[in-house]
J.: 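Sharing a structure, written as structure tokens. Questions coming.
Below, all heavy atoms of this structure are taken into account, side chains as well, without hydrogens, waters or symmetry copies. The shown structure was predicted, so the numbers you read here are calculated from the model rather than taken from an experiment.
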Amino acid sequence: MKAGIALTLVIVGAAAVVGSAAEETYPSRSSGRSSYGKSGEPGQAPQDRDPSATAPAQDGTAYTPRRTDENARIGTVFEKDDHGSHFCTASVVQSPGRNMLITAAHCAFDADAGKPVDDLVFAPDYRNGNEPTGLWKVNKVVVDNRWATSQDEDLDVAFLTVGPKDGKNIQDVLGGNSLGTDRGFNNEVKITGYPTSRATPISCQNRTTKFSDTQLRIQCTDFEGGTSGSPWLTDYDPKSHTGTVIGVLGGHEGGGDENDVSYAAYFDNDITKLYQRAQDEDRN
């Protein structure tokens, strides 16, 4: 995500397809990276840069969020372990298997190599090296084949499944957000992501606007490299501690080439089918 940062990684595992497009599912395998979108630059040393506020301020201004149940299910994506740089953001989404994440497709699939990035791990609620529930290993990546073959920006979405820890699935531990499709282009959302240059997350609240028939746009400060895959949450219910994901940072220009303007592919029927495909593959 950040303008000027050589972006990396592209996550994709083929899934629901419409028309003549084929569906495929890829197990996570060998490593590889290519520049794309607002992924972080591997090897870049984290350097905390305080956003312009430390508590929710005016719409569109980034701030450092508190540790809450809502924020705990959002985290960093690393490759292999947490010794390198985190380069993308993911979050827990509800599924029958209670083991699913959502992120941008370009975070997990290496388009140049034509296969998923190997050994992805997820660290929810990561802050300054502290991982309250540890690392969760990604064991499957599901994306639309049109992303895998041509990086269709309208399908820059991936569903990942992670293995259990201590006999529990990730949704059992952290809960999960629901998936919202066809919600229109004007929604009040909260976005939380992890810039590669920081060891703590940032959040922003603002209204989405229509960039095109297939893309959402938002103005939020400081969403640079590493924030690809950040969930766009609406309708958060404090009683159930759940919200609805209506987008993930990505899509047009891999999420945008400016830190203060970001994009997301519109969640339509193609994403519904992809989500269902990921669930079906998880059961098999």
J.: Determine the sole option in D172, D282, T161 for which the side-chain hydrogen bond (donor to acceptor under 3.5 Å, both in side chains) test with R98 is passed.
T.: D172
J.: Establish, yes or no, whether a centroid distance under 6.0 Å links the rings of Y275 and F267.
T.: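 That pair fails the under 6.0 Å test.
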J.: Can you measure from CZ (R73) to CG (L233) and round to the nearest 0.5 angstrom?
T.: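 That separation rounds to 8.5 Å.
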J.: Is a side-chain N or O of D156 found less than 3.5 angstrom from the main chain of G251, in a donor-acceptor match?
T.: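 Between the backbone of G251 and the side chain of D156 there is a qualifying donor-acceptor contact (under 3.5 Å).
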J.: Hey, is the main chain of N187 close enough, under 3.5 Å, to the side chain of T208 for a donor-acceptor pair?
T.: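 It does hold such a pair.
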J.: Do L120 and F122 share a hydrophobic cluster (ILVMFWY, side-chain heavy atoms under 4.5 Å, transitive)?
T.: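 In one cluster with L120: F122, yes.
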J.: Checking side-chain contact (heavy atoms from CB on, under 4.5 Å) for the pair I102/S91: CA distance, chi angles, key distance, verdict?
T.: CA-CA 6 Å; I102 187 170; S91 61; 3.5 Å; yes
J.: For the backbone of E188 and the side chain of T234, can you confirm whether one donor and one acceptor N or O come within less than 3.5 Å of each other?
T.: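 Confirmed, T234 side chain pairs with E188 backbone.
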J.: Can you see whether D260 engages Q219 through a side-chain donor-acceptor pair at a distance of less than 3.5 angstrom?
T.: no
J.: What's the spacing between T200 OG1 and R67 CZ if we round to 0.5 Å?
T.: 10.0 Å
J.: Could you tell me whether the side chain of D152 and the main chain of D154 form a donor-acceptor pair under 3.5 Å?
T.: yes
J.: Check the pair N186 / R207 against side chain to side chain donor-acceptor pair (under 3.5 Å), numbers first and verdict last.
T.: CA-CA 6 Å; N186 192 306; R207 294 200 74 84; 2.5 Å; yes
J.: What pair of heavy atoms forms the shortest contact from T181 to D268, and how long is it?
T.: CG2-O, 4.0 Å
J.: Report the C-alpha separation of V248 and V157 in whole Å, then their side-chain angles, then the decisive distance to 0.1 Å, and conclude whether the side-chain contact (heavy atoms from CB on, under 4.5 Å) test is met.
T.: CA-CA 7 Å; V248 293; V157 178; 4.2 Å; yes
J.: Does a salt bridge link R146 with D144, judged by any charged N lying under 4.0 Å from a carboxylate O?
T.: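 Yes, R146 and D144 are salt-bridged.
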J.: Would you sort out whether L101 and I170 count as a side-chain contact (heavy atoms from CB on, under 4.5 Å), showing the intermediate values?
T.: CA-CA 9 Å; L101 311 177; I170 195 166; 4.2 Å; yes
J.: Please determine if K137 and D119 form a salt bridge, counting it only when a charged side-chain N lies under 4.0 Å from a carboxylate O.
T.: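 Yes, charged N to carboxylate O under 4.0 Å.
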J.: Please evaluate residues D110 and D112 with respect to the criterion side-chain contact (heavy atoms from CB on, under 4.5 Å), reporting the C-alpha separation (whole Å), side-chain torsions for both, the decisive distance (0.1 Å), and the verdict.
T.: CA-CA 6 Å; D110 183 350; D112 291 341; 3.6 Å; yes
J.: For the residue pair H86 and F78, what are the closest heavy atoms and their distance?
T.: N-CE2, 3.5 Å
J.: Is a side-chain donor or acceptor of K140 paired with a backbone partner of E281 at a separation under 3.5 angstrom?
T.: yes
J.: Do P195 and I202 have side-chain heavy atoms sitting under 4.5 Å apart?
T.: yes
J.: For the backbone of Y194 and the side chain of T89, can you confirm whether one donor and one acceptor N or O come within less than 3.5 Å of each other?
T.: yes
J.: Working to the nearest 0.5 angstrom, can you tell me the gap between R217 CZ and H252 NE2?
T.: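 Atom-to-atom, R217:CZ and H252:NE2 are 9.5 Å apart.
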J.: Can you name the closest pair of heavy atoms from N71 and P65 and give their distance?
T.: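 Closest heavy-atom pair between N71 and P65: ND2-CB, 3.6 Å.
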J.: Show your reasoning for whether side chain to side chain donor-acceptor pair (under 3.5 Å) applies to T221 and T61.
T.: CA-CA 5 Å; T221 61; T61 300; 5.2 Å; no
J.: Determine the minimum heavy-atom distance between P201 and Y126, stating which atoms define it.
T.: CD-O, 4.0 Å
J.: Could you check whether the rings of Y266 and F185 sit parallel, tilted or perpendicular, using 30° and 60° as the cut-offs?
T.: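 Parallel, since the angle between the ring planes stays under 30°.
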J.: Tell me the closest heavy-atom pair linking D81 and H83, and the distance in Å.
T.: OD1-N, 2.9 Å
J.: Just wondering, more than 12 heavy atoms not from K210 lying within 6.0 Å of its NZ?
T.: yes
J.: Minimum heavy-atom separation for E153 and Q215, please, with both atom names.
T.: O-NE2, 3.1 Å
J.: Could you grab the distance from atom OG1 of T242 to atom CD of E70, nearest 0.5 Å is fine?
T.: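 One gets 9.5 Å once the value is rounded to the nearest 0.5 Å.
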J.: Between Q94 and G176, is there a donor-acceptor pair closer than 3.5 Å when you use the side chain of the first and the backbone of the second?
T.: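 A pair under 3.5 Å: yes.
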J.: Run the salt-bridge test on D280 and R283 with the 4.0 Å N-O cut-off and return the result as yes or no.
T.: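 Here D280 pairs with R283 in a salt bridge, since their nearest N and O are under 4.0 Å apart.
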J.: What about Y263 and L249, same hydrophobic cluster or not, with Ile/Leu/Val/Met/Phe/Trp/Tyr joined at side-chain heavy-atom distances under 4.5 Å?
T.: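 No; tracing contacts between hydrophobic side chains, which count when under 4.5 Å, never links both residues.
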J.: Hey, is the main chain of G243 close enough, under 3.5 Å, to the side chain of N177 for a donor-acceptor pair?
T.: yes
J.: In Å, rounded to the nearest 0.5 Å, how long is the span from NZ of K165 to CG of N99?
T.: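 Going from the NZ atom of K165 to the CG atom of N99 covers 14.5 Å.
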J.: Any donor-acceptor pair under 3.5 Å linking the side chain of R277 with the backbone of V142?
T.: no
J.: Checking the side chain of H241 only, and the main-chain atoms of L174 only, is there a donor and an acceptor separated by less than 3.5 Å?
T.: no
J.: Look up atom CE in M100 and atom CG in L160, then write down how far apart they are to the nearest 0.5 Å.
T.: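 These two atoms lie 9.0 Å from each other.
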